[in-house]
Protein chains: 4
Amino acid sequence: MAKEGYEAASIREIAQAAGLAPGLVHHYVPDKESLLVALTEDLGARWLTRLDEAEGLAPEARLRRLIELHLSLDEARPEELGCWLQIIAEAARRPSVGAVWAEVVVGLRAKLVGALTALAESRGRRLDVEAGAAALLALIYGGLTLGPSAGGPPGYAAAAAWALTEGLLAAAPAADGPSQAAG
Amino acid sequence: MAKEGYEAASIREIAQAAGLAPGLVHHYVPDKESLLVALTEDLGARWLTRLDEAEGLAPEARLRRLIELHLSLDEARPEELGCWLQIIAEAARRPSVGAVWAEVVVGLRAKLVGALTALAESRGRRLDVEAGAAALLALIYGGLTLGPSAGGPPGYAAAAAWALTEGLLAAAPAADGPSQAAG
Amino acid sequence: MAKEGYEAASIREIAQAAGLAPGLVHHYVPDKESLLVALTEDLGARWLTRLDEAEGLAPEARLRRLIELHLSLDEARPEELGCWLQIIAEAARRPSVGAVWAEVVVGLRAKLVGALTALAESRGRRLDVEAGAAALLALIYGGLTLGPSAGGPPGYAAAAAWALTEGLLAAAPAADGPSQAAG
Amino acid sequence: MAKEGYEAASIREIAQAAGLAPGLVHHYVPDKESLLVALTEDLGARWLTRLDEAEGLAPEARLRRLIELHLSLDEARPEELGCWLQIIAEAARRPSVGAVWAEVVVGLRAKLVGALTALAESRGRRLDVEAGAAALLALIYGGLTLGPSAGGPPGYAAAAAWALTEGLLAAAPAADGPSQAAG
DNA sequence: GATGAATGAGCGTTCATTCAT
DNA sequence: CATGAATGAACGCTCATTCAT
């Protein structure tokens with residue numbers, strides 16, 4: 001199911017690609033929109049699960065792994081990436097898709113917030129992890145969407161994500177205590 | 001014409017909104033796809049022109065202005081932003097749109113490259129400005145697309161763009177050659 | 001089963017309302033059309049049975065009761081009336097339904113013919129009871145179908161049925177004997 | 001247009017029968033339902049106009065003509081009659097059709113009320129013409145709908161309509177004054 | 001140039017019917 | 001007996017495109 005859902009395709013094509021009769025799709029799903037919602041839920045759950053593999057790592061490696069897992073999508077799973085781009089485009093128009101997408105984003109951000117928090121702690125910095133996670137998300141998503149058309153050298157996005165992190169950490173106050181931070 | 005092109009709309013609606021007869025659209029444009037191409041060219045040219053206003057500024061202000069001009073799109077020109085998101089989504093599917101979009105990106109990147117080059121020079125750093133411009137573009141585009149769903153505090157994207165720039169500059173080697181230029 | 005058969009409903013809904021699996025309907029009935037036929041037979045048999053209650057009455061009361069039983073359908077059994085209207089509409093299109101409906105009409109007419117015959121006898125008139133029964137049936141059916149849209153005062157149909165009967169009787173020759181009737 | 005609208009037919013069939021492309025139907029009519037509404041309006045207007053031919057006649061002939069014009073529909077214009085039966089069946093389910101049908105009924109009743117009023121006057125009777133018109137309408141409609149299945153002899157419905165009229169007139173008080181009517 | 005009627009393929013969806021289990 | 005997944009034709013409708021005027 002995950003391979004099909006480009007939504008530019010017709011239900012007839014989706015069904016054909018899945019080897020089903022056109023009418024059968026509506027046995028499992030009331031709507032074409034619901035099909036996309038179901039696909040989003042499925043894909044989102046799998047993706048969040050896959051990100052768990054970064055969980056045990058040391059702070060820096062953990063964040064690097066999260067970034068890399070995302071940015072490798074375009075080479076490792078181009079079909080899945082295509083699904084996501086479709087989903088995000090539809091999320092802006094269809095509330096039902098938008099709601100599921102928002103949930104996925106919450107999950108992704110939580111991972112990033114966790115990794116950023118651990119990293120900031122290990123560096124002794126007081127970082128605005130919410131803003132940092134949002135920025136990393138935006139950079140990752142922009143990198144994936146623009147893809148080759150952004151025109152950077154290979155791996156620019158991962159390098160930039162790291163530069164962004166370091167930049168944010170450098171700008172963050174030390175965590176020794178409110179007073180010392182200011183000092 | 002620029003306000004209409006959401007492409008979710010039918011040619012009938014586009015024509016009606018422009019005060020034309022539906023059949024007349026095809027006098028000017030062979031295709032619906034060509035309509036989107038024309039819209040993209042028009043919008044792209046205007047946008048690049050508008051970015052020229054940053055041209056005369058000092059290096060830092062110049063880059064800040066470029067970033068700000070982009071990121072303020074969602075408040076200042078939400079319709080235009082909507083057009084762009086549509087265009088980019090279609091660019092992935094339709095080569096003819098993709099080509100024009102790529103040209104626009106080249107233009108945007110050139111502006112960013114210019115500003116980054118000037119900034120790096122003023123700071124005495126040897127920056128990979130191509131990669132830096134691509135990263136800024138990705139961050140900007142991601143911030144605009146994810147919009148509120150990324151969940152950061154207001155203005156996080158502009159702050160992050162700056163942190164990214166500083167991070168890149170911090171990681172860049174000193175410009176020993178023309179170095180004396182800085183000295 | 002009698003309550004469902006509006007035929008605007010799908011077999012799935014009919015089956016669901018009856019607590020059956022959709023596929024099971026076709027164990028009992030080959031066709032959707034046969035389902036309507038079966039419903040018509042069932043409903044017709046019940047209705048004719050119910051009309052038997054008028055059988056023992058005096059001639060005038062008997063006819064009044066028959067008329068009233070029909071005309072009260074829209075208040076007493078609106079669902080059943082709805083079924084009948086559906087059936088009659090389908091009877092015009094589907095021969096199999098038409099045949100069963102014709103049988104029901106034969107039965108209804110027989111009741112009316114019986115009552116009219118008894119009434120004419122008691123009044124000493126030679127009435128064309130076949131025509132009379134057909135006319136009463138038409139008036140009753142028209143009254144039920146047009147319902148409120150005919151726009152008469154409440155009870156107009158029953159009153160009219162009686163006026164019709166009296167009109168027919170008044171126009172009928174006396175039954176003193178074939179010769180005298182002509183004279 | 002009048003010949004097609006059986007509504008049991010698909011839009012494709014309607015269009016084909018009219019020699020049009022399927023999509024063209026929706027140029028003229030937004031909906032299938034609107035098609036039926038338009039047909040009803042058209043047919044209703046024509047029918048009311050046709051009934052005007054009875055307008056100049058003497059009271060009795062006028063009413064006879066109105067009845068006859070209706071009842072001859074099944075022989076003279078079976079297709080139009082078919083349309084009407086479809087319309088009335090749909091009127092019960094679709095408010096938009098019901099509204100137009102109700103208007104037509106108002107027009108028909110007005111004609112019958114006019115004829116009955118003239119007739120009652122010429123006979124010196126105080127008749128409840130609203131109820132009478134409703135009853136005639138019901139009888140006519142029932143006769144047309146049941147058609148041959150009612151089983152009466154040819155012409156029974158017209159004869160019955162007349163008997164009904166006479167029955168109603170006979171039961172109506174004289175118009176010379178309340179006291180005389182009772183006397 | 002300009003109009004809008006006309007075309008026809010294709011869409012998402014429904015549903016009577018079949019059939020493996 | 002009973003189930004409900006599966007089928008596929010047909011539906012109402014949309015819309016990019018064509019073309020006579």
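Throughout, protein chains are lettered first and strands after them, A, B, ... in sequence-line order, and every chain is numbered starting at 1. As the structure is a computational prediction, the values presented were derived from the model and not from experiment. Just so it is clear, the values below take in all heavy atoms, side chains as well, and ignore hydrogens, waters and symmetry mates.
Mapping A/Lys32 and D/Gly19 onto DNA chain E by nearest heavy atom places D/Gly19 at the nucleotide closer to the 5' end. Position along DNA chain F of the nearest nucleotide to C/Gly23 versus D/Asp31 favours C/Gly23 as the more 5'-ward residue. Judged by closest nucleotide on DNA chain E, D/Leu20 is the one of A/Ile11 and D/Leu20 placed further toward the 5' end.
Between B/Gln16 atom CD and F/dA16 atom P there is a gap of 13 Å when expressed in whole angstrom units. In this structure, the CD atom of D/Glu33 is 14 Å from the C1' atom of F/dC13, given to the nearest Å. Taking atom OH of residue C/Tyr28 and atom C1' of nucleotide F/dA2, one finds them 8 Å apart after rounding to whole Å. Distance, D/Leu35 CG to F/dG12 P: 10 Å, rounded to whole Å. Remark: C1' of E/dA5 and CG of D/Leu24 are 7 Å apart, rounded to the nearest angstrom. If you take NE2 of A/His27 and C1' of E/dT14, they are 11 Å apart, rounded to a whole angstrom.
Contact annotation: B/Ser10 does not reach the phosphate of F/dT14 (side-chain N/O to OP1 or OP2, under 4.0 Å).
In this structure, of E/dT13, F/dC15, F/dT7, it is E/dT13 that holds the atom nearest to the side chain of A/Arg12. Side-chain atoms of B/His26 lie closest to F/dT17 of the nucleotides E/dT14, E/dA16, F/dT17.
Nucleotide E/dT14 forms a pair with F/dA9, judged by Watson-Crick or G-U wobble geometry with both contacts under 3.5 Å. The partner of F/dA20 is E/dT3, judged by Watson-Crick or G-U wobble contacts that both fall below 3.5 Å.
For B/Arg50 and B/Glu80, the salt-bridge test passes: some basic side-chain N is under 4.0 Å from an acidic carboxylate O.
When all heavy atoms of A/Arg93 and A/Pro95 are compared, the pair lying nearest together is O-CD, 3.5 Å. For the pair B/Pro22 and B/Ala15, the tightest heavy-atom approach, listed with the atom from each and the gap, is CA-CB, 3.9 Å.
Ring orientation note: the planes of B/Tyr141 and B/Trp101 are tilted relative to one another, at an angle of 30° to 60°.
Here B/Ile11 contributes atom CD1 and B/Leu20 contributes atom CG; the two are 11.0 Å apart, rounded to the nearest 0.5 Å.
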